Protein chains: 2
Amino acid sequence: MLKIAKSVEYALFAIKYMSEKENKKCSSVAEISESQNIPFDLLAKIMQKLAKGGIILSTQGIKGGYVLNCRPEQISLNRLINILDKKIQFTNCMVDNPTTNDCHRVKNCCIRNPMQKIQNRLNELFDITTVHDLIQ
Amino acid sequence: MLKIAKSVEYALFAIKYMSEKENKKCSSVAEISESQNIPFDLLAKIMQKLAKGGIILSTQGIKGGYVLNCRPEQISLNRLINILDKKIQFTNCMVDNPTTNDCHRVKNCCIRNPMQKIQNRLNELFDITTVHDLIQ
DNA sequence: TTAATTCGGACTAAAAAAGTCGTATTTATG
DNA sequence: CATAAATACGACTTTTTTAGTCCGAATTAA
Ligand code: FES
Ligand code: FES
């Protein structure tokens, strides 16, 4: 089944929440988790990845939390997916230098090139789609 | 990870094999499985689905096997995916009449419409891509 | 000092995909 | 008619991936 990971879905709702927060106040994981019905621990991990990925800024300690570091218009779906360690990889040979370890057919794989082309189209689609497009 | 199911990959190789068979002779699962390095039992199930889906015709009994029932140009990737019981479903709410059972957010889900649009684009892509495009 | 918060890794559980097995049915051929 | 080689079909197991949980540490406002 070709599906978008739940973590990406959760990240979208979290970003939406933060983007609607008045005058750039930061939001705690607890706050987002409760209001958006997302498991706390899971969301905590997602937020840490978003912070590492530069999408949000964190403040530690009591009264800490997260703020958006850029506008949803500036975040592509593809970037979000990458930050959350998810991948678009149609076949095992869709990597830079595929070895027989990736797939034994690699030496003489007739589907590699055509598959790559479709995958590229999907990547383009995910590149031009912004988080803003998805949460408005 | 957005990936194409192995069964779809296997089906492509099987169809390629059958399409290259001279004068419409039928191919047994054993024959395809060995030449294409695909687990016998798994391929057997795939072939049965392809037969039910009308892509290939089966002949039972000794000297039986499968023949293509249409040309690879006439089979879209989407059709192949559907026949093999795989789905393109980005979120749980990407169904005809989503209930709160599919996802509790369904009543007021802001990502449903925009997600549906991207998913539609992917479906279009998979509709215009034929098996022939993938195995040449 | 304390309590609320992020940080980060290890772990478990659930779901999906991949693969295996057993038994029945079909049919060409000796 | 008996046999062997093939498909038919469903149940089952294993592996992989995703989702979710837990715990202890570090940070910091009050
Ligand atoms: S599918 Fe295996 S190498 Fe391309
Ligand atoms: S994501 Fe749950 S209803 Fe759309």
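Fair warning: this is a prediction, and the values are worked out from it, not measured in the lab. All chains are named by letter (A, B, ...) in the order of the sequence lines, taking the proteins before the strands, and each is independently numbered beginning at 1.
- Checked by distance alone, B:Lys45 brings a side-chain donor or acceptor within 3.5 Å of a matching partner on the base of C:dG19.
- Computed from coordinates, the B:Ile81 CD1 to C:dA17 P distance equals 12 Å when rounded to whole Å.
- Around atom CG of A:Asn108, no more than 12 heavy atoms belonging to other residues, nucleotides or ligands sit under 6.0 Å away.
- Whole-Å rounding puts the A:Leu84 CG to D:dA19 C1' distance at 13 Å.
- When distances are taken from the side chain of B:Lys63 to each of D:dT7, C:dT29, C:dC7, the shortest belongs to C:dT29.
- Residue B:Thr59 places none of its side-chain N or O atoms closer than 4.0 Å to OP1 or OP2 of D:dA6.
- For A:Ser7, the side-chain atoms get nearest to D:dA19 when compared with the rest of D:dG20, D:dA19, D:dT7.
- Nucleic acid contact class of A:Ala30 (heavy atoms, under 4.0 Å, all strands): none.
- Summarising the geometry, the separation between CZ on B:Phe40 and C1' on C:dA18 is reported as 17 Å, rounded to the nearest angstrom.
- Counting to the nearest Å, the P atom of D:dT28 and the CD atom of A:Gln60 are 6 Å from each other.
- Cation-pi check for A:Arg105 over B:Phe13 is met; the charged atom lies under 6.0 angstrom from the ring centroid and within 45 degrees of its normal.
- Contacts of B:Met1 with the nucleic acid, taken as non-hydrogen atoms under 4.0 Å apart, involve only primed sugar atoms and P, OP1 or OP2.
- Rounded to whole angstrom, the span from the CG atom of B:Asp85 across to the P atom of C:dA17 amounts to 11 Å.
- For D:dG20, one of the phosphate oxygens OP1 or OP2 lies less than 4.0 angstrom from a side-chain nitrogen or oxygen of A:Tyr10.
- Across the protein-nucleic acid pair, A:Gln48 atom CD and D:dA25 atom P stand 16 Å apart, rounded to whole Å.
- In this structure, A:Met18 atom CE and C:dT6 atom P are separated by 11 Å, rounded to whole Å.
- The side chain of A:Leu42 sits closest to D:dG20 out of C:dA28, C:dC7, D:dG20.
- Among the heavy atoms of the strands lying under 4.0 Å from B:Lys52 are primed sugar atoms or P, OP1, OP2 only; no base atom is included.
- As a whole-Å value, the separation of B:Asn92 CG from C:dA16 C1' is 13 Å.
- Between B:Pro98 and B:Arg112, the closest heavy-atom pair is CG-CZ, 3.5 Å.
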| message | side-chain hydrogen bond (donor to acceptor under 3.5 Å, both in side chains) for A:Asn78 and A:Asp127? Distances and angles first, verdict last. | response | CA-CA 5 Å; A:Asn78 230 351; A:Asp127 273 333; 3.1 Å; yes
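- Taking for each of A:Lys86 and B:Asp41 the nucleotide of DNA chain D with the nearest heavy atom, the 5'-most of the two is the partner of B:Asp41.
- The nearest heavy atom of DNA chain C to B:Gly61 and to A:Ser27 marks one nucleotide each, and the one closer to the 5' end goes with A:Ser27.
- Within a 6.0 Å radius of CG in A:Asp96, no more than 12 heavy atoms belonging to other residues, nucleotides or ligands are found.
- The nucleotide whose nearest atom lies closest to any side-chain atom of A:Ile62 is, among C:dT20, C:dA4, C:dT6, C:dA4.
- Map A:Lys3 and B:Met47 each onto its nearest nucleotide of DNA chain D; the residue landing nearer the 5' end is B:Met47.
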| field | B:Ser7/B:Ile46 under side chain to side chain contact (heavy atoms under 4.5 Å, CB included): CA gap, chis, key distance, verdict | value | CA-CA 7 Å; B:Ser7 50; B:Ile46 291 169; 3.8 Å; yes
